[in-house]
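Predicted model only: the values in this text are computed from it and were never measured. In this chain, residues are counted from 1 in sequence order.
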Amino acid sequence: MDGPNWDDSENWLTDAPIGEWYGVNVSNDGRVSYLSLGANNLRGEIPPEIGNLTNLEYLGLCCNKITGKLPPEIANLSRLEHLHLSSTFLVELTPEIAKLANLEDLDMSSSRLEGEIPAEIGNLSFLESLSLSGNRLSGKIPPELGNLEFLRYLRLSDNELEGEIPPELGGLTYLEMLYLSDNKLTGCLPSAWQEIESNDLGQLGLNYCDP
């Protein structure tokens, strides 16, 4: 990913222990568990070799000139809990993300994502934060997002989403923060959302559904 031109590549590809490479932390057994290279002038597509880091729990590559799609091998990161890819040039939210069974935090906001939100994201049973705002996502909000029972933060604003808000989302009892403005949403708002203090629902021009 254009490594020679990174802003900081201290110790990379040297004989130094991997845990001393810039942006890398390792677990007690020496396996890479943390990779943070945000705002570091990375360029190009994420290589399929990322799937070899099967002990990875945190992957942060935001604010780089990353293009293309996530490689299918991303599905091998079964221990991943945090995936931060905001402010990149990624163009597709691939269904493979739904195979990250332990994912708690997914941030792909302010990128170039197009197409629909995959319904498979509803399978991420431990997800607490989903941030997809500031993209070009279209179609309807999948009702399967209502399966994310531990979801606390949902940000889908500033896209091209349309249609009615799925009533299933009203069952997200842990929801604390909700942003949906700057879309083409219709219908009514789940009445349960009246209790959410951090939101932009007033900008939608929609009424709450009858109890």
Side-chain angles (χ1 to χ4, degrees), residues 38-39 42-43 45-46 59-70 74 82-98 100 103-124 127-148 150-172 174-209:
L42 276 66
R43 296 171 179 266
E45 298 187 2
I46 298 174
L59 177 59
L61 302 176
C62 69
C63 310
N64 284 296
K65 297 180 180 178
I66 298 174
T67 56
K69 307 175 182 179
L70 288 174
I74 198 81
H82 304 274
L83 179 57
H84 294 173
L85 297 170
S86 62
S87 299
T88 64
F89 293 85
L90 291 168
V91 297
E92 184 178 341
L93 185 58
T94 53
E96 282 82 6
I97 286 180
L100 303 176
L103 200 63
E104 298 177 3
D105 178 12
L106 173 59
D107 187 355
M108 296 184 70
S109 57
S110 300
S111 295
R112 301 288 180 90
L113 299 178
E114 298 180 349
E116 299 185 357
I117 299 174
E120 291 86 349
I121 288 183
N123 296 330
L124 296 173
L127 201 65
E128 296 182 8
S129 179
L130 177 61
S131 299
L132 301 175
S133 58
N135 285 293
R136 303 169 181 173
L137 295 168
S138 57
K140 298 182 178 181
I141 299 175
E144 287 81 2
L145 296 188
N147 297 333
L148 303 175
F150 297 114
L151 198 66
R152 298 169 58 198
Y153 309 111
L154 178 60
R155 303 175 182 90
L156 301 177
S157 57
D158 195 16
N159 278 290
E160 299 172 10
L161 299 170
E162 58 186 8
E164 296 188 359
I165 298 171
E168 289 85 353
L169 270 61
L172 297 174
Y174 290 102
L175 209 57
E176 300 175 9
M177 184 178 294
L178 176 64
Y179 291 95
L180 299 176
S181 63
D182 295 313
N183 283 293
K184 304 173 183 177
L185 300 173
T186 59
C188 60
L189 305 172
S191 56
W193 287 358
Q194 297 181 72
E195 306 298 324
I196 301 175
E197 296 183 1
S198 183
N199 66 73
D200 62 359
L201 300 179
Q203 300 179 37
L204 298 177
L206 303 177
N207 297 319
Y208 285 97
C209 307

Might you work through the side chain to side chain contact (heavy atoms under 4.5 Å, CB included) test for Leu59 and Ile74, ending with a clear yes or no? CA-CA 11 Å; Leu59 177 59; Ile74 198 81; 4.2 Å; yes

Can you list the residues that meet the side-chain hydrogen bond (donor to acceptor under 3.5 Å, both in side chains) rule with Asp105, with sequence neighbours excluded? His84

What closest approach, in Å, do [X] and [Y] show between heavy atoms, and which atom pair accounts for it?
X	Y	value
Glu92	Met108	O-CE, 4.5 Å
Glu120	Ala98	O-CB, 3.2 Å
Leu180	Ile165	CD1-CD1, 4.1 Å
Phe89	Arg112	CE2-NH2, 3.0 Å
Gly170	Ala192	O-CB, 3.5 Å
Cys209	Pro190	SG-N, 4.1 Å

4.5 Å side-chain heavy-atom contact, [X] and [Y]:
X	Y	value
Leu70	Glu96	no
Met177	Arg152	no
Leu130	Leu151	yes
Tyr153	Glu176	yes

Tell me, please, which residues at least two apart from Glu162 pass salt bridge (Lys or Arg N to Asp or Glu O under 4.0 Å).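 Salt bridge (Lys or Arg N to Asp or Glu O under 4.0 Å) list for Glu162, sorted by chain: empty.
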
Residue pairs, two or more places apart or on separate chains, that pass side chain to side chain donor-acceptor pair (under 3.5 Å) and touch residues 196-206: Tyr179-Ser198, Ser181-Asp200

With Asp182 via side-chain contact (heavy atoms from CB on, under 4.5 Å) - residues at least two apart: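 Here the qualifying residues are Asp158.
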
Please check if the side chain of Asn183 supplies one atom and the backbone of Asn159 the other of a donor-acceptor pair under 3.5 Å. yes

Is a side-chain donor or acceptor of Asn135 paired with a backbone partner of Ser111 at a separation under 3.5 angstrom? yes

Distance from [X] atom [atom1] to [Y] atom [atom2], nearest 0.5 Å?
X	Y	atom1	atom2	result
Leu178	Ser157	CG	OG	9.5 Å
Asn64	Arg43	CG	CZ	9.5 Å
Asp107	Leu85	CG	CG	8.0 Å
Glu160	Leu137	CD	CG	8.5 Å
Leu127	Phe150	CG	CZ	11.5 Å
Thr88	Ile46	OG1	CD1	7.5 Å

Could you tabulate the donor-acceptor pairs under 3.5 Å formed by side-chain atoms of residues 138-147, not counting sequence neighbours?
| residue | atom | partner | partner atom | Å |
| --- | --- | --- | --- | --- |
| Asn147 | ND2 | Glu144 | O | 3.4 |

Any chance you could lay out the side chain to side chain contact (heavy atoms under 4.5 Å, CB included) test for Leu93 and Ile121, step after step, and finish with the verdict? CA-CA 10 Å; Leu93 185 58; Ile121 288 183; 3.6 Å; yes

Going by salt bridge (Lys or Arg N to Asp or Glu O under 4.0 Å), name the pairs with one or both residues in residues 185-195, residues two or more places apart or in two chains.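 Sorted pair list comes back empty.
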
If we count only N and O atoms by modelled type, under 3.5 Å, do the side chains of Ser110 and Ser87 hold a donor and an acceptor together? no

Around atom OH of Tyr208, are there more than 12 heavy atoms of other residues, nucleotides or ligands at under 6.0 Å? yes

Let's go through Ile97 and Leu103 carefully: what are the C-alpha distance in whole Å and the side-chain angles of both, what is the deciding distance for side chain to side chain contact (heavy atoms under 4.5 Å, CB included) to 0.1 Å, and is it a yes or a no? CA-CA 9 Å; Ile97 286 180; Leu103 200 63; 4.2 Å; yes

Show the numbers, then the answer: is there a side chain to side chain contact (heavy atoms under 4.5 Å, CB included) between Leu201 and Leu206? CA-CA 8 Å; Leu201 300 179; Leu206 303 177; over 6 Å; no

